[in-house]
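What follows is a set of notes on a single structure, which appears directly below.
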2 protein chains.
Amino acid sequence: MKRLRVNPAESCDEPHGPRASRPVDPRALEAAAGFFRAAGDAGRLRILTQLRDGERCVSDLAAASDDGMSTMSQRLKVLRVEGLVRRRRDGKHILYALADAHVLALVDTALAHAEDHRKESA
Amino acid sequence: MKRLRVNPAESCDEPHGPRASRPVDPRALEAAAGFFRAAGDAGRLRILTQLRDGERCVSDLAAASDDGMSTMSQRLKVLRVEGLVRRRRDGKHILYALADAHVLALVDTALAHAEDHRKESA
DNA sequence: TAAACGTTTCATCGAACGTTGAAATGATGG
DNA sequence: CCATCATTTCAACGTTCGATGAAACGTTTA
(Lines give C-alpha, C1' and ligand atoms only; values in the text may rest on other atoms or scores of the structure.)
Protein backbone atom coordinates (compact mmCIF):
# COMPACT_ATOMS: atom_id res chain seq x y z
CA MET A 1 0.00 0.00 0.00
CA LYS A 2 1.50 3.25 -1.17
CA ARG A 3 1.43 6.11 1.27
CA LEU A 4 -1.17 8.75 0.59
CA ARG A 5 -0.91 12.43 1.28
CA VAL A 6 -3.53 15.15 1.43
CA ASN A 7 -1.44 17.52 -0.57
CA PRO A 8 1.39 15.78 -2.41
CA ALA A 9 3.13 19.03 -3.22
CA GLU A 10 3.71 19.83 0.42
CA SER A 11 6.46 17.36 1.15
CA CYS A 12 9.92 16.34 0.09
CA ASP A 13 10.49 12.79 -1.04
CA GLU A 14 12.72 12.17 1.93
CA PRO A 15 13.43 13.92 5.17
CA HIS A 16 16.73 15.72 5.62
CA GLY A 17 18.99 15.44 8.60
CA PRO A 18 18.31 13.45 11.79
CA ARG A 19 14.77 12.34 12.49
CA ALA A 20 12.50 14.63 14.45
CA SER A 21 12.06 14.27 18.18
CA ARG A 22 8.49 14.50 19.45
CA PRO A 23 6.77 17.85 18.91
CA VAL A 24 6.86 20.44 21.70
CA ASP A 25 3.75 20.77 23.87
CA PRO A 26 1.58 23.50 22.27
CA ARG A 27 0.94 25.14 25.65
CA ALA A 28 4.63 25.47 26.42
CA LEU A 29 5.19 26.73 22.91
CA GLU A 30 2.53 29.41 23.22
CA ALA A 31 3.86 30.43 26.63
CA ALA A 32 7.42 30.73 25.34
CA ALA A 33 6.18 32.69 22.32
CA GLY A 34 4.38 35.07 24.66
CA PHE A 35 7.59 35.42 26.58
CA PHE A 36 9.53 36.37 23.45
CA ARG A 37 6.76 38.63 22.23
CA ALA A 38 6.88 40.57 25.50
CA ALA A 39 10.59 41.18 24.99
CA GLY A 40 10.12 41.90 21.30
CA ASP A 41 9.43 45.60 21.63
CA ALA A 42 12.18 48.18 21.95
CA GLY A 43 10.37 50.10 24.68
CA ARG A 44 9.81 47.02 26.81
CA LEU A 45 13.26 45.61 26.14
CA ARG A 46 14.80 48.89 27.26
CA ILE A 47 13.02 48.46 30.58
CA LEU A 48 14.53 45.00 30.94
CA THR A 49 18.02 46.34 30.30
CA GLN A 50 17.47 49.05 32.90
CA LEU A 51 16.36 46.49 35.43
CA ARG A 52 19.65 44.64 35.04
CA ASP A 53 21.08 47.23 37.44
CA GLY A 54 18.48 46.54 40.10
CA GLU A 55 14.95 47.49 41.12
CA ARG A 56 13.31 50.61 39.73
CA CYS A 57 10.00 52.34 40.32
CA VAL A 58 7.69 53.31 37.46
CA SER A 59 8.50 56.98 37.77
CA ASP A 60 12.23 56.40 37.50
CA LEU A 61 11.73 54.28 34.41
CA ALA A 62 9.40 56.84 32.87
CA ALA A 63 11.82 59.68 33.58
CA ALA A 64 14.67 57.76 31.94
CA SER A 65 12.70 57.09 28.80
CA ASP A 66 10.85 60.28 27.90
CA ASP A 67 7.65 58.24 27.83
CA GLY A 68 4.65 58.86 30.05
CA MET A 69 3.92 56.83 33.14
CA SER A 70 0.81 55.41 31.57
CA THR A 71 2.84 54.03 28.71
CA MET A 72 5.41 52.67 31.12
CA SER A 73 2.78 51.05 33.28
CA GLN A 74 1.25 49.28 30.31
CA ARG A 75 4.64 48.00 29.21
CA LEU A 76 5.35 46.74 32.68
CA LYS A 77 2.03 44.98 32.79
CA VAL A 78 2.83 43.04 29.65
CA LEU A 79 6.22 42.09 31.06
CA ARG A 80 4.66 41.04 34.34
CA VAL A 81 1.86 38.96 32.84
CA GLU A 82 4.36 37.09 30.72
CA GLY A 83 6.57 36.49 33.71
CA LEU A 84 9.58 38.65 32.84
CA VAL A 85 9.40 40.99 35.81
CA ARG A 86 8.30 40.93 39.45
CA ARG A 87 7.03 43.84 41.53
CA ARG A 88 6.82 44.73 45.19
CA ARG A 89 5.67 47.78 47.10
CA ASP A 90 8.10 50.06 48.92
CA GLY A 91 6.37 52.94 50.65
CA LYS A 92 4.57 54.93 48.02
CA HIS A 93 6.48 53.29 45.23
CA ILE A 94 6.16 50.03 43.41
CA LEU A 95 9.52 48.57 42.53
CA TYR A 96 9.99 46.36 39.52
CA ALA A 97 12.77 43.82 39.01
CA LEU A 98 13.70 41.08 36.59
CA ALA A 99 11.80 37.91 37.45
CA ASP A 100 14.82 35.61 37.65
CA ALA A 101 18.23 34.72 36.24
CA HIS A 102 16.66 33.21 33.12
CA VAL A 103 15.43 36.61 32.03
CA LEU A 104 18.80 38.21 32.62
CA ALA A 105 20.49 35.51 30.56
CA LEU A 106 17.94 35.86 27.77
CA VAL A 107 18.41 39.61 27.53
CA ASP A 108 22.20 39.47 27.61
CA THR A 109 22.37 36.66 25.08
CA ALA A 110 20.00 38.40 22.69
CA LEU A 111 21.94 41.64 22.88
CA ALA A 112 25.19 39.78 22.23
CA HIS A 113 23.69 37.89 19.30
CA ALA A 114 22.14 41.01 17.86
CA GLU A 115 25.53 42.71 17.87
CA ASP A 116 27.10 39.72 16.10
CA HIS A 117 24.33 39.64 13.53
CA ARG A 118 24.54 43.37 12.86
CA LYS A 119 28.26 43.15 12.25
CA GLU A 120 28.11 40.24 9.83
CA SER A 121 25.16 41.57 7.86
CA ALA A 122 26.92 44.90 7.31
CA MET B 1 20.63 76.37 41.46
CA LYS B 2 17.74 74.02 41.91
CA ARG B 3 17.41 71.28 39.40
CA LEU B 4 14.58 71.74 36.93
CA ARG B 5 12.44 69.07 35.40
CA VAL B 6 10.10 69.12 32.44
CA ASN B 7 7.48 67.14 34.26
CA PRO B 8 8.05 66.97 38.00
CA ALA B 9 5.51 64.21 38.48
CA GLU B 10 7.53 61.79 36.42
CA SER B 11 10.25 61.03 38.92
CA CYS B 12 10.84 59.68 42.38
CA ASP B 13 12.68 61.79 44.89
CA GLU B 14 15.54 59.37 44.92
CA PRO B 15 16.64 56.48 42.76
CA HIS B 16 16.28 52.95 44.11
CA GLY B 17 18.93 50.28 44.05
CA PRO B 18 22.40 50.59 42.48
CA ARG B 19 23.05 53.43 40.06
CA ALA B 20 22.35 52.90 36.39
CA SER B 21 25.08 51.87 34.01
CA ARG B 22 25.13 53.73 30.68
CA PRO B 23 22.12 53.20 28.45
CA VAL B 24 22.23 50.46 25.80
CA ASP B 25 22.95 51.55 22.24
CA PRO B 26 19.56 52.14 20.58
CA ARG B 27 20.62 50.23 17.47
CA ALA B 28 21.57 47.15 19.44
CA LEU B 29 18.37 47.46 21.38
CA GLU B 30 16.23 47.62 18.27
CA ALA B 31 18.11 44.71 16.76
CA ALA B 32 17.64 42.58 19.86
CA ALA B 33 13.97 43.53 19.99
CA GLY B 34 13.60 42.44 16.38
CA PHE B 35 15.27 39.20 17.35
CA PHE B 36 12.79 38.57 20.15
CA ARG B 37 9.86 39.68 18.02
CA ALA B 38 10.81 37.12 15.38
CA ALA B 39 10.70 34.36 18.00
CA GLY B 40 7.54 35.78 19.55
CA ASP B 41 5.08 33.95 17.36
CA ALA B 42 3.97 30.39 18.00
CA GLY B 43 4.21 29.43 14.34
CA ARG B 44 7.74 30.75 13.98
CA LEU B 45 8.88 29.42 17.33
CA ARG B 46 7.64 25.97 16.37
CA ILE B 47 9.92 26.13 13.35
CA LEU B 48 12.85 26.94 15.62
CA THR B 49 12.10 23.96 17.85
CA GLN B 50 11.91 21.72 14.80
CA LEU B 51 15.27 22.97 13.59
CA ARG B 52 16.88 21.90 16.86
CA ASP B 53 17.00 18.42 15.35
CA GLY B 54 18.85 19.56 12.24
CA GLU B 55 18.26 21.07 8.83
CA ARG B 56 14.82 20.96 7.23
CA CYS B 57 13.44 22.02 3.88
CA VAL B 58 10.39 24.23 3.56
CA SER B 59 8.18 21.39 2.41
CA ASP B 60 9.03 19.26 5.41
CA LEU B 61 8.27 22.10 7.76
CA ALA B 62 5.01 22.86 5.99
CA ALA B 63 3.94 19.23 6.07
CA ALA B 64 4.63 19.03 9.80
CA SER B 65 2.54 22.08 10.57
CA ASP B 66 -0.62 21.90 8.48
CA ASP B 67 0.20 25.36 7.17
CA GLY B 68 0.76 26.24 3.54
CA MET B 69 4.21 26.65 2.07
CA SER B 70 3.58 30.31 1.46
CA THR B 71 2.89 30.87 5.14
CA MET B 72 5.96 28.83 6.04
CA SER B 73 8.14 30.75 3.62
CA GLN B 74 7.07 34.06 5.10
CA ARG B 75 7.79 32.85 8.60
CA LEU B 76 11.20 31.66 7.53
CA LYS B 77 11.92 34.98 5.89
CA VAL B 78 11.24 36.83 9.13
CA LEU B 79 13.48 34.43 11.02
CA ARG B 80 16.22 34.80 8.42
CA VAL B 81 16.14 38.58 8.24
CA GLU B 82 16.42 38.79 12.01
CA GLY B 83 19.29 36.36 11.99
CA LEU B 84 17.72 33.35 13.71
CA VAL B 85 18.12 30.90 10.84
CA ARG B 86 20.49 30.25 7.95
CA ARG B 87 19.70 28.60 4.64
CA ARG B 88 21.57 26.74 1.92
CA ARG B 89 20.55 25.05 -1.26
CA ASP B 90 20.67 21.27 -1.65
CA GLY B 91 19.52 20.15 -5.10
CA LYS B 92 15.94 21.28 -5.51
CA HIS B 93 15.56 21.98 -1.86
CA ILE B 94 16.51 24.86 0.35
CA LEU B 95 17.52 23.70 3.78
CA TYR B 96 17.05 25.86 6.83
CA ALA B 97 18.96 25.58 10.09
CA LEU B 98 19.37 27.52 13.31
CA ALA B 99 21.84 30.36 12.81
CA ASP B 100 24.11 29.48 15.72
CA ALA B 101 24.36 28.19 19.27
CA HIS B 102 22.97 31.45 20.66
CA VAL B 103 19.63 30.77 19.06
CA LEU B 104 19.52 27.23 20.37
CA ALA B 105 20.28 28.49 23.86
CA LEU B 106 17.64 31.20 23.62
CA VAL B 107 14.94 28.78 22.55
CA ASP B 108 15.76 26.20 25.17
CA THR B 109 16.00 28.76 27.96
CA ALA B 110 12.71 30.37 27.02
CA LEU B 111 10.93 27.03 26.93
CA ALA B 112 12.35 26.15 30.32
CA HIS B 113 11.38 29.50 31.80
CA ALA B 114 7.92 29.33 30.28
CA GLU B 115 7.34 25.99 31.93
CA ASP B 116 8.47 27.38 35.30
CA HIS B 117 6.25 30.41 34.94
CA ARG B 118 3.21 28.36 33.94
CA LYS B 119 3.61 26.16 37.00
CA GLU B 120 3.94 28.98 39.49
CA SER B 121 1.11 31.08 38.07
CA ALA B 122 -1.30 28.12 38.26
C1' DT C 1 15.29 24.20 -24.26
C1' DA C 2 11.23 22.84 -21.98
C1' DA C 3 8.80 20.90 -18.31
C1' DA C 4 8.56 20.11 -13.51
C1' DC C 5 9.42 21.18 -9.06
C1' DG C 6 10.30 23.82 -4.76
C1' DT C 7 10.26 28.23 -3.15
C1' DT C 8 9.35 33.15 -2.91
C1' DT C 9 6.77 37.44 -3.78
C1' DC C 10 2.71 40.23 -3.97
C1' DA C 11 -1.59 42.31 -2.55
C1' DT C 12 -5.37 42.00 0.53
C1' DC C 13 -7.93 41.38 4.66
C1' DG C 14 -9.03 41.04 9.44
C1' DA C 15 -6.91 40.75 13.94
C1' DA C 16 -3.74 42.22 17.34
C1' DC C 17 -0.70 45.75 19.06
C1' DG C 18 1.25 50.23 21.31
C1' DT C 19 0.49 54.97 22.60
C1' DT C 20 -2.11 58.44 24.59
C1' DG C 21 -4.72 61.39 28.01
C1' DA C 22 -8.32 61.31 31.24
C1' DA C 23 -10.40 59.20 34.93
C1' DA C 24 -10.17 55.67 38.67
C1' DT C 25 -7.68 53.16 42.19
C1' DG C 26 -5.29 52.45 46.31
C1' DA C 27 -1.88 52.90 49.73
C1' DT C 28 0.60 56.39 52.61
C1' DG C 29 1.46 59.82 55.87
C1' DG C 30 -0.24 63.79 58.27
C1' DC D 1 -10.09 60.23 58.18
C1' DC D 2 -8.50 63.18 54.59
C1' DA D 3 -5.44 64.78 51.13
C1' DT D 4 -1.85 63.40 48.46
C1' DC D 5 0.93 60.91 45.69
C1' DA D 6 2.25 56.92 42.64
C1' DT D 7 0.39 53.82 39.82
C1' DT D 8 -3.13 51.58 37.07
C1' DT D 9 -7.21 51.20 34.09
C1' DC D 10 -10.08 52.56 30.27
C1' DA D 11 -11.38 53.65 25.59
C1' DA D 12 -9.98 55.41 21.23
C1' DC D 13 -6.97 55.83 17.60
C1' DG D 14 -3.62 54.74 14.08
C1' DT D 15 -0.24 51.24 13.01
C1' DT D 16 1.73 46.85 12.40
C1' DC D 17 1.28 42.00 11.88
C1' DG D 18 0.08 37.25 10.02
C1' DA D 19 -2.53 34.20 6.90
C1' DT D 20 -3.98 33.38 2.42
C1' DG D 21 -4.07 32.23 -2.63
C1' DA D 22 -2.47 33.44 -7.06
C1' DA D 23 1.25 34.56 -9.78
C1' DA D 24 6.33 34.96 -10.49
C1' DC D 25 10.86 33.18 -9.86
C1' DG D 26 14.90 30.30 -10.29
C1' DT D 27 16.97 25.35 -10.40
C1' DT D 28 17.16 21.12 -11.74
C1' DT D 29 16.23 17.25 -14.71
C1' DA D 30 14.74 15.20 -18.99
Side-chain angles (χ1 to χ4, degrees), chain A residues 5 7-16 29-30 33-48 55-82 85-97, chain B residues 5-16 29-30 33-47 55-82 85-97:
Chain A
R5 222 179 256 284
N7 184 344
E10 289 193 3
S11 162
C12 304
D13 292 344
E14 289 187 40
H16 304 269
L29 203 122
E30 185 54 59
F35 188 95
F36 280 128
R37 195 180 310 123
D41 173 80
R44 290 192 297 259
L45 184 55
R46 175 150 23 89
I47 293 177
L48 295 179
E55 300 179 306
R56 291 285 182 276
C57 69
V58 183
S59 307
D60 274 357
L61 294 168
S65 313
D66 282 1
D67 291 304
M69 279 190 305
S70 176
T71 298
M72 206 55 53
S73 187
Q74 303 240 44
R75 289 175 183 167
L76 286 164
K77 180 175 188 174
V78 172
L79 293 174
R80 189 165 50 83
V81 168
E82 295 297 339
V85 302
R86 294 173 171 286
R87 68 172 171 179
R88 71 179 181 89
R89 179 171 281 276
D90 173 46
K92 300 186 172 182
H93 299 286
I94 295 185
L95 300 181
Y96 283 83
Chain B
R5 221 179 256 284
V6 188
N7 183 345
E10 290 193 2
S11 160
C12 302
D13 292 343
E14 290 187 37
H16 304 270
L29 203 121
E30 185 54 59
F35 188 95
F36 279 127
R37 196 180 308 123
D41 173 80
R44 290 193 295 260
L45 184 55
R46 177 150 21 92
I47 293 177
E55 299 178 306
R56 292 284 183 278
C57 69
V58 183
S59 307
D60 274 355
L61 293 169
S65 315
D66 283 1
D67 291 303
M69 280 190 302
S70 177
T71 296
M72 205 56 53
S73 186
Q74 303 230 52
R75 289 177 182 166
L76 286 164
K77 181 174 188 176
V78 173
L79 293 174
R80 189 164 51 82
V81 168
E82 295 296 340
V85 302
R86 295 172 171 288
R87 67 172 172 180
R88 71 179 180 88
R89 181 172 279 276
D90 172 46
K92 300 185 171 181
H93 298 285
I94 295 185
L95 300 182
Y96 283 82

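Sequence lines set the chain letters: A, B, ... in the order given, protein chains first and strands last, and positions in each chain run from 1.
Rounding to the nearest 0.5 Å gives a distance of 9.0 Å between NZ of B:Lys77 and CZ of B:Arg87. With rounding to the nearest 0.5 angstrom, the CG atom of A:Leu45 is 10.0 Å from the CZ atom of B:Arg37.
Taking atom CE on B:Met69 and atom P on C:dT7, their separation rounds to 7 Å, with Å as the unit. B:Asp90 has its CG atom 20 Å from the P atom of D:dG26, to the nearest Å. The CZ-P distance, from B:Arg88 to D:dT27, rounds to 16 Å in whole Å. Per the geometry, CG belonging to B:Asp41 stands 12 Å off P belonging to D:dC17, to the nearest Å. In this entry the distance linking CG of B:Leu95 with C1' of C:dG6 reads 12 Å, nearest Å. Distance, A:Arg56 CZ to D:dT7 P: 13 Å, rounded to whole Å. Atom P of nucleotide C:dG6 and atom CG of B:Leu76 are separated by 16 Å, given to the nearest angstrom. Rounding to whole angstrom units, NZ of residue A:Lys92 and C1' of C:dG26 are separated by 13 Å.
Projected onto DNA chain D by closest heavy-atom contact, A:Ser73 and B:Gly43 fall at different nucleotides, the more 5' of which corresponds to A:Ser73. Map B:Gln74 and A:Gln74 each onto its nearest nucleotide of DNA chain C; the residue landing nearer the 5' end is B:Gln74.
Residues B:Leu76 and B:Val85 come closest through the heavy atom pair O-CG2, 4.1 Å.
For A:Asp67, the side-chain atoms get nearest to C:dT20 when compared with the rest of C:dT20, C:dT8, C:dT9. Nearest to the side-chain atoms of A:Tyr96 among the listed nucleotides D:dT8, D:dT9, C:dG6 stands D:dT8. Proximity note for B:Val58 (side chain, C-beta onward) versus D:dC17, C:dT8, C:dG6: the nearest is C:dT8. Closest to the A:Ser70 side chain, of the nucleotides C:dT8, C:dT20, D:dT20, is C:dT20. With D:dA6, D:dT27, C:dG6 as the candidates, the nucleotide lying closest to the side chain of B:Arg89 is D:dT27.
Applying the 4.0 Å criterion to OP1 and OP2 of C:dT8, one finds that B:Lys77 has every side-chain N and O outside that range. Close to C:dG6, at under 4.0 Å from its OP1 or OP2, lies no side-chain N or O of B:Ser59. Phosphate contact (OP1/OP2 of C:dT19, side-chain N/O of A:Arg75, threshold under 4.0 Å): present.
Side-chain atoms of B:Arg44 do not come within 3.5 Å of backbone N or O of A:Ala33 as any donor-acceptor pair.
Salt bridge absent: A:Glu55 and A:Arg86 never bring a charged side-chain N and a carboxylate O closer than 4.0 Å.
Counting non-hydrogen atoms under 4.0 angstrom, A:Arg44 reaches the backbone sugars and phosphates but no base. As judged by a 4.0 angstrom heavy-atom cut-off over every strand, B:Arg87 is placed among residues touching the sugar-phosphate backbone only.
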